[in-house]
Amino acid sequence: MDDDHVKLTISVRDTGIGIKPEDIEKLIMPFERVDQSRNRNIEGTGLGLNIVKNLLELMGSSLKIESTYGEGSEFSFSVMQKVGKSSVSAENNNDTAADAKTGPFTAPDASVLIVDDTPSNIKIMSLLLKNSLINTDGAVNGKTAILLCEKKKYDLIFIDHMMPEMDGIETLRKIRSDPENINSGSVFVMLTANDEAGMKEMYIKEGFDDYMSKPIDVTELDSILRKYLSK
C-alpha cells in the first residue's frame, strides 16, 4: 500500500457441502449450528467463526464468506500490516551462511523408533523426520516398543513419558537392563510435555541420553538429530 504498510489477504477455499444463503449470517452467530440434518454428527459449540469475526473487527477487518450450496465455500479477510525494518548483524550473516552451506540434515541410513500412546503424535513426528530421509517405526505402548527393540537395531529412540500400563521410564529401564536386547546401548530421548525446571536432569539421571519437550520445536529436533546421527 505504501513504504510502511502492506494489505495482507488470506483466503481459504473448500469443496465441502457448502452453505445455504439464508444460513450464512447464522454461521457467525454464537452457539448457532446450521444445516443440522447434515451436520448432526459433528461436535462443536458454534463459537469458532464468531471468535474469528470479533478478532477481525478488533483489527479493523471483517470476515467475507462466499458459498455455493452443494459445491463449497470460501472464507477470506484482509488486514493492514506494518512492514518491519530488519537489520542483520555480521554474526547472524555468518550463521546464515553456515546453514546454507550445510543445508538440511539428512540421514537416509538411520532408523528411528517413536514410542507414544497417541498415534497422531507418532504421525506428526514421522512427518517432521520425513525431510531428513530417516526411516521411522512407531509403537503405541512400551510393550510393543520392547518387542520391536528385540528385533531391530535403532540409532535413536524417542519415548513419551506418560503412557498407560508401562510409562516411558519403565520402558527404558527394561530395555537398558536386558543385555541381550540389541538396543540396550542405543540413544534414548525423552519426549514429553512436562517441561518443568529440573525435569531434564531427572530424565538424564534415569538413563535417557537427552530430552525434548512437546510441542516439538523443529530447530531443537534438528539439533538432536545432528548431535546423535551425524557420522
Side-chain angles (χ1 to χ4, degrees), residues 84 86-142 144-163 167-176 178 181-231:
S86 62
S87 59
V88 183
S89 67
E91 182 180 354
N92 286 338
N93 275 327
N94 291 335
D95 291 341
T96 302
D99 289 341
K101 184 177 180 181
T102 57
F105 178 77
T106 58
D109 297 325
S111 293
V112 169
L113 176 63
I114 307 157
V115 187
D116 197 303
D117 61 306
T118 304
S120 60
N121 288 341
I122 296 176
K123 184 176 182 179
I124 291 170
M125 192 66 167
S126 298
L127 289 172
L128 290 174
L129 295 172
K130 186 177 181 180
N131 288 337
S132 299
L133 306 179
I134 292 172
N135 302 296
T136 61
D137 289 328
V140 294
N141 53 55
T144 302
I146 292 171
L147 292 174
L148 287 173
C149 285
E150 290 173 348
K151 299 175 182 178
K152 180 178 178 179
K153 181 70 171 69
Y154 292 100
D155 301 286
L156 187 59
I157 301 172
F158 292 98
I159 301 185
D160 180 39
H161 185 181
M162 304 304 293
M163 297 187 294
D167 69 15
I169 293 177
E170 186 179 357
T171 301
L172 173 74
R173 287 174 179 168
K174 288 185 178 294
I175 296 174
R176 288 277 201 223
D178 183 2
N181 192 306
I182 55 178
N183 286 283
S184 60
S186 295
V187 175
F188 288 81
V189 176
M190 170 55 72
L191 191 61
T192 176
N194 190 344
D195 60 352
E196 295 180 7
M199 294 309 298
K200 180 175 181 178
E201 290 73 16
M202 186 272 286
Y203 290 128
I204 299 298
K205 186 176 180 180
E206 287 289 348
F208 284 89
D209 297 279
D210 222 314
Y211 160 97
M212 280 187 65
S213 60
K214 297 178 183 178
I216 300 300
D217 182 294
V218 291
T219 302
E220 184 181 6
L221 175 60
D222 182 76
S223 177
I224 290 286
L225 297 178
R226 291 178 187 274
K227 180 178 179 179
Y228 295 108
L229 298 182
S230 294
K231 301 286 184 170

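If you're wondering where the values come from, they're calculated on a predicted model, not measured in any experiment.
Taking CG of L191 as the start and CZ of F208 as the end, the distance is 10.0 Å to the nearest 0.5 Å. In this structure, D178 CG and E150 CD are separated by 6.5 Å, a value rounded to the nearest 0.5 Å. The distance from the CG atom of L229 to the CG atom of D109 is 11.0 Å, given to the nearest 0.5 Å. If you take CG on L172 and CD1 on I146, they are separated by 10.0 Å, rounding to the nearest 0.5 Å. Atom CG of residue L113 and atom CG of residue D155 lie 11.5 Å apart, to the nearest 0.5 angstrom. To the nearest 0.5 Å, atoms OG1 (T192) and CZ (F158) are separated by 13.5 Å.
Residues passing the side-chain hydrogen bond (donor to acceptor under 3.5 Å, both in side chains) test with E206, sequence neighbours excluded: R173. With sequence neighbours left out, the side-chain hydrogen bond (donor to acceptor under 3.5 Å, both in side chains) criterion links S186 to K153, N183. When the side-chain hydrogen bond (donor to acceptor under 3.5 Å, both in side chains) test is applied to T144, the partners found at least two apart in sequence or on another chain are N141. Here D167 pairs with nothing under the salt bridge (charged side-chain N to carboxylate O under 4.0 Å, His left out) rule; sequence neighbours left out. Checked against side chain to side chain contact (heavy atoms under 4.5 Å, CB included), M162 has no partners two or more places apart in sequence or in another chain. By the salt bridge (charged side-chain N to carboxylate O under 4.0 Å, His left out) test, D117 is found to be paired with no residue, residues two or more places apart in sequence or in another chain being considered. Here D209 pairs with R176 under the side-chain hydrogen bond (donor to acceptor under 3.5 Å, both in side chains) rule; sequence neighbours left out. Scored by the ring-ring contact (aromatic ring centres under 6.0 Å, His included) test, Y203 finds H161, Y211 as partners (sequence neighbours excluded). Listed by chain and number, the residues in a salt bridge (charged side-chain N to carboxylate O under 4.0 Å, His left out) with K174 amount to none (sequence neighbours excluded).
Closest non-hydrogen pair, N131 versus T106, comes out as O-CG2, 3.9 Å. Of all heavy-atom pairs between N181 and C149, the closest is OD1-O, 2.9 Å.
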All N/O donor-acceptor pairs, side-chain side in residues 132-140, below 3.5 Å, sequence neighbours left out:
from	atom 1	to	atom 2	distance (Å)
S132	OG	F105	O	3.2
N135	ND2	P108	O	3.2
N135	ND2	A110	O	3.3
D137	OD2	K152	NZ	2.9
D137	OD2	Y154	OH	2.7

Compile the donor-acceptor pairs under 3.5 Å between side chains in residues 212-224 and protein atoms, sequence neighbours left out, one pair per line.
from	atom 1	to	atom 2	distance (Å)
K214	NZ	D116	OD2	2.7
K214	NZ	D160	OD1	3.1
D217	OD1	T219	N	2.8
D217	OD1	E220	N	3.0
D222	OD1	R226	NE	3.4
D222	OD2	R226	NE	2.6

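In this structure, the side chains of L129 and L225 come closer than 4.5 Å at one or more pairs of heavy atoms.
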>> Is there a side-chain contact (heavy atoms from CB on, under 4.5 Å) between M190 and I169? Walk through the geometry before answering.
In response: CA-CA 9 Å; M190 170 55 72; I169 293 177; 4.3 Å; yes

